[in-house]
Amino acid sequence: MKISGYQLFWLMFTMEFGMTAIFTLSPAVFLAKQDTWISILFATLIALATTFVAVKLSLLYPEKTFIQSSQLILGRWLGKLVLIPYFLMWITVTGVILREFADFVFITLFNATPLWAIILIMLGAVVYATGSGGLRSIARSGEIIGPVTAAGCIFVFILSMKDWDWYRLLPIYANTGIKPILKGSLTPASFLAESFMVVMLVAFVKKPQQVMKTSMLGVVAAATAILSMTAIVLLVFGPNLPAKFIYPLCSVVSFISVMDFLQNMDILIVVLWIVSIFTKLSLYMFITSYGTAQLFRIKKWRRTIWWIAPIVFVLSLLPHNTNDTMNYAKSIWHDWIFPINLVGIPLILWIIGSIRKKITLKT
């Protein structure tokens, strides 16, 4: 199940772009106003730092996954204890993403279709992709989905130019200040920091020495696409309206009209978002299933998919509405998972692992 550095790049780009562009712009604009593009730059720096730590941690034991390396660094029992918040994160996040996908599709496309039916269709596709070909099939689909998503961003960028008003970005910094800008960067940074997932992927990359460069480029490419989408939203609507929209990027794409011929372009962003969510969900399903099999020493890891998928399905039905999933992102993900699972624990593990490696080499 080996993948190339090129495939890893597109996996990182596709996974990072979709949900960050759709769900983080509104809260970021609410805080940073017309300086949200500066917030995205800060978010990119934070994401690059977390990616750097994650890759460095992985390269301590490049042939091992995070499940194995954590036990090598901390010992068998403490290493397993550290894994508990990650399994809780992977399973709950997969359920929340699935529900966010269903809510988004329900609001934008199929408002007469039961949510459970929308969820089952996507979950079935994810289970099939993960179970049939594992990481290799997900990576191959990413090779197609990634470039198509990037091309879609360029298309939206070009078509929206006629509606730009550069004065909507002014004044720069004067009306906000550093504190709102930094606060506005935290939500997109927490989504971009999902690049931490690379700790479960390094063991499958053909040339581990390329992982740092590839992962960093993937984050930069995704952040660049998000920055361009943020700029479009601000240039078209200004800083006030996007803060009130649930999906400001969809709103700005639906606003596009070229010679009264190209209209209702919001279907484009919907399709791009759906395929990127498919990649992200498939990756989460893979690392959860494969990690569970490694933790409990199950030889055929695909068997774990069949009891993880029902759990995820049930979790996706628990939120009452979009506000519940948004609250999860604002409170649990933003305030707990991001600082602890994506920043704190990896940094501590990297420091401890590096010290243990040096001591082992000296002895």
Is there a side-chain contact between [X] and [Y] in this structure, where contact means two heavy atoms from C-beta onward sitting under 4.5 Å apart?
X      : Y      : result
Trp273 : Tyr247 : no
Thr94  : Ile308 : no
Trp333 : Asn341 : no

For residues [X] and [Y], report the shortest heavy-atom separation together with the two atoms involved.
X      : Y      : value
Ser195 : Thr50  : OG-OG1, 4.2 Å
Leu186 : His334 : CB-NE2, 3.3 Å
Thr51  : Ser215 : CG2-CB, 3.8 Å
Ala54  : Val199 : O-CG1, 3.5 Å

Handout entry: Sidechain-backbone polar pair: Ser26 side chain, Phe245 backbone, donor-acceptor under 3.5 Å
Key = yes
Among side-chain atoms of [X] and [Y], is any donor-acceptor pair under 3.5 angstrom?
X      : Y      : value
Thr92  : Tyr328 : yes
Ser354 : Trp350 : yes
Tyr284 : Glu194 : yes

Practice task
Please check if atom NZ in Lys207 has more than 12 non-hydrogen atoms from other residues, nucleotides or ligands closer than 6.0 Å.
Solution key: no
Handout entry: Residues, nucleotides or ligands: over 12 heavy atoms within 6.0 Å of Phe30 CZ
Key = no
So, do [X] and [Y] have ring centers that fall under 6.0 Å from each other?
X      : Y      : answer
Tyr86  : Phe196 : yes
Phe191 : Phe17  : no
Phe101 : Phe278 : no

How many angstroms lie between atom [atom1] of [X] and atom [atom2] of [Y], to the nearest 0.5 angstrom?
X      : Y      : atom1 : atom2 : answer
Leu115 : Asn111 : CG    : CG    : 10.5 Å
Leu283 : Leu201 : CG    : CG    : 6.0 Å
Thr36  : Leu41  : OG1   : CG    : 11.0 Å

Exercise for the section: Report whether Leu78 and Ile359 are members of the same hydrophobic cluster (ILVMFWY, side-chain heavy atoms less than 4.5 Å apart, transitive linking). Expected result: yes
Exercise for the section: Examine Lys357 relative to Tyr61 and say whether NZ or CZ is less than 6.0 Å from the centre of the six-membered ring and inside a 45° cone about the ring axis. Expected result: yes
What side-chain donor-acceptor pairs closer than 3.5 Å can you find for residues 117-135, not counting sequence neighbours?
unit_1 : atom_1 : unit_2 : atom_2 : d
Thr130 : OG1    : Val126 : O      : 2.8
Ser132 : OG     : Tyr128 : O      : 2.6

Problem - Residues Phe157, Trp164; criterion ring pair (Phe, Tyr, Trp, His ring centres under 6.0 Å); working and verdict - result: CA-CA 10 Å; Phe157 189 87; Trp164 291 3; 5.0 Å; yes
Exercise for the section: Determine, for Glu16 against Lys280, whether the closest basic-nitrogen to carboxylate-oxygen distance falls under 4.0 angstrom. Expected result: no
Completion exercise
ring pair (Phe, Tyr, Trp, His ring centres under 6.0 Å) filter on Trp307, not counting sequence neighbours, yields none
Handout entry: Candidate list Asp324, Leu317, Leu318, test side chain to side chain contact (heavy atoms under 4.5 Å, CB included), partner His320, passing option
Key = Asp324
Exercise for the section: Begin from the C-alpha positions of Phe286 and Trp301 and carry the test ring pair (Phe, Tyr, Trp, His ring centres under 6.0 Å) through to its verdict. Expected result: CA-CA 9 Å; Phe286 171 75; Trp301 67 270; 5.2 Å; yes
